[in-house]
Every structure is written in structure tokens, then in C-alpha cells.
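Okay, structure first, notes after.
Worth saying up front: this structure is predicted, and the values here are computed from it rather than measured.
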Amino acid sequence: MAFKKNLPNILTMMNLSFGVLAILVASSTEKFSLIARGEDLGLMFYSCLLIMAAAIFDRFDGKLARHLDATSDLGKQLDSLCDLVSFGVAPAVIAWKLHFSFAVFAFPGARMIGYTIALLFAMAGAFRLACFNLQEECDCFYGIPITLAGSILTLMNLVNTFLMSRGTFGRWQVALAAIMMVALSVLMVSRFRLQKK
């Protein structure tokens, strides 16, 4: 019986495991740049796939908890903490590594801007999750969920990894990534209403 009640939490921890692995894999990459594909670029692809695997577990842990009548405050808090890592921190780390870890613009502080944007995304996700945990039950979300924002950013990371592997990745993709990360950060903390399915 205890195993049955904790099965949703096991799925949640799998979500966290894949998110942490995505960070570790992305952090281990060194040999690629804006102008050279490099031998580590494939690892960026795998780190994006790990976040997608985390999304699969996140999709079903809540459903399973409701199906087994195993919902709990612990599960809710655990889910939020794991989502922050897998859909807030991990996509931001991958985006920083892919777009901002090398000098891409010829002005001082370009790398610091990348740090700031990545930090902004993770902080907005944390704020969004805290607000969600305090929100009373209703039929809509306020601000886009961190899982949606993180999935969109991961998809962009995946596409840009592919473009870099084809030699068609350039400065405009970096600029677009910066704009998208800021926009997603704002949308997470906005009062934008999104209907629950």
C-alpha cells in the first residue's frame, strides 16, 4: 500500500533525475562554438532529449496520483521543486551554454547579458511555481506554466542545436533566443490567463 501511495512521487523524482542529468550533460560540453560545430555538440542534443523525458514523467505523475487517490501536500511541493530544476534551471543552462557561453557580440559585457537572461528565466520560473502553490483551485492558470515555458525553450534549444550541426546557426538565432527567454520569463510572472485542460 505504501508503494502504491508513493508511486506518483517516484515518477516525480524521475522527472528530477532527468532534469539533473540534462544539466550535467550540458555542463560537460566544451568543444563547440558559434563558428565551429565541435565534437561536443551531440551532447547538447542529448541534454534536450533528457528534458523531454522529464516532461513525460511530469505529465503522468499528477494523473497517477489522482487515479490512485494518492494526492498529498508533499507531492505538490515535490512536483514544484522538481519542475523548477527540469523546466526552469535545466533549459536555462542549456540555452546559456548553446547561445551565450562564447563571445557572440563585439561589445563588453555580452556574456554577462547571457548570465542575466538565464538567471531571469530560472527566477521567473521559481516565482511562477510559488504563486501556483498559493493559488486556490480554479479552472485557469495565471501566467504560463513553467513546464510550458521550459518545453518551448527546450524545443528552441533542440532546433538551434540542429542548425549548428548543419552549419547554419548564426548571431540572429542567439538574438532570437535572448528575446524568447525574456518573453517567456515575463509570461510566466504575468497575469495572463490560460485555461486548464
Side-chain angles (χ1 to χ4, degrees), residues 1-27 46-97 116-158 180-197:
M1 182 62 73
F3 177 78
K4 180 180 176 182
K5 289 290 186 182
N6 282 300
L7 189 55
N9 291 338
I10 293 173
L11 294 189
T12 303
M13 295 303 286
M14 291 301 296
N15 163 9
L16 175 65
S17 299
F18 282 112
V20 171
L21 285 172
I23 294 170
L24 294 174
V25 170
S27 298
Y46 292 127
S47 64
C48 292
L49 293 184
L50 286 165
I51 295 179
M52 292 181 176
I56 293 171
F57 284 100
D58 181 67
R59 182 77 176 97
F60 292 106
D61 60 356
K63 289 180 179 293
L64 183 62
R66 289 186 291 273
H67 177 73
L68 296 176
D69 193 27
T71 57
S72 66
D73 289 337
L74 172 65
K76 181 179 180 180
Q77 298 301 323
L78 188 62
D79 186 66
S80 290
L81 291 170
C82 294
D83 285 352
L84 176 59
V85 173
S86 296
F87 305 105
V89 178
V93 168
I94 295 169
W96 181 84
K97 192 73 175 176
T116 303
I117 292 171
L119 183 60
L120 175 67
F121 185 86
M123 290 173 66
F127 185 83
R128 168 68 181 81
L129 286 167
C131 290
F132 175 74
N133 284 349
L134 295 174
Q135 180 181 319
E136 295 181 5
E137 282 294 324
C138 66
D139 61 350
C140 67
F141 293 109
Y142 288 98
I144 66 171
I146 189 174
T147 50
L148 177 58
S151 296
I152 291 171
L153 182 55
T154 298
L155 182 60
M156 184 196 70
N157 290 336
L158 192 60
M180 180 173 285
M181 289 179 73
V182 171
L184 288 171
S185 299
V186 170
L187 285 172
M188 279 192 283
V189 299
S190 70
R191 296 300 292 173
F192 174 79
R193 290 168 61 96
L194 185 66
Q195 198 72 23
K196 290 183 180 179
K197 292 184 178 181

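For the pair Ile144 and Met188, the tightest heavy-atom approach, listed with the atom from each and the gap, is O-CG, 3.6 Å. The two residues Ile146 and Arg128 have their closest heavy-atom pair at N-CG, 4.3 Å. Contact between Ser86 and Ala90 at its shortest, heavy atoms only, is O-CB, 3.7 Å. Considering every non-hydrogen atom in both Leu84 and Ala122, the closest pair reads CD1-O, 3.7 Å. The heavy-atom pair separating Ala118 from Met181 by the smallest distance is CA-CE, 3.8 Å. In terms of heavy-atom proximity, Phe57 sits nearest to Leu11 at CB-O, 3.5 Å.
To the nearest 0.5 Å, the span separating CZ on Phe18 from CG on Leu49 amounts to 11.0 Å. Of the inter-residue distances, the one linking Asn15 atom CG with Asp79 atom CG reads 7.0 Å to the nearest 0.5 angstrom. Between atom CG of residue Leu148 and atom CG of residue Leu184 there is a gap of 8.0 Å, rounded to the nearest 0.5 Å. Here Leu134 contributes atom CG and Leu129 contributes atom CG; the two are 11.0 Å apart, rounded to the nearest 0.5 Å. Atom OG of residue Ser151 and atom CG of residue Leu158 lie 11.5 Å apart, to the nearest 0.5 angstrom. For the atom pair OG1 of Thr154 and CZ of Phe87, the computed distance is 7.5 Å after rounding to the nearest 0.5 Å.
Counting heavy atoms from C-beta on, the side chains of Asp58 and Asp83 come closer than 4.5 Å. Counting heavy atoms from C-beta outward, Cys82 and Met13 have side chains that approach closer than 4.5 Å. By the 4.5 Å heavy-atom criterion applied to side chains, Leu153 and Ile51 are not counted as neighbours. In this structure, the side chains of Leu120 and Met123 stay at 4.5 Å or more apart for every pair of heavy atoms. Between Ile56 and Met14, every side-chain heavy-atom pair lies at or beyond the 4.5 Å cut-off.
Using modelled atom types, one side-chain atom of Ser190 and one backbone atom of Leu187 make a donor-acceptor pair closer than 3.5 Å. Of the possible donor and acceptor atoms, none in the side chain of Ser185 sits under 3.5 Å from a partner among the backbone N and O of Ala124.
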Show your working on side-chain contact (heavy atoms from CB on, under 4.5 Å) between Ile23 and Val85 and close with a plain yes or no. CA-CA 9 Å; Ile23 294 170; Val85 173; 4.1 Å; yes
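For Phe121, the ring-ring contact (aromatic ring centres under 6.0 Å, His included) test picks out no residue, with sequence neighbours left out.
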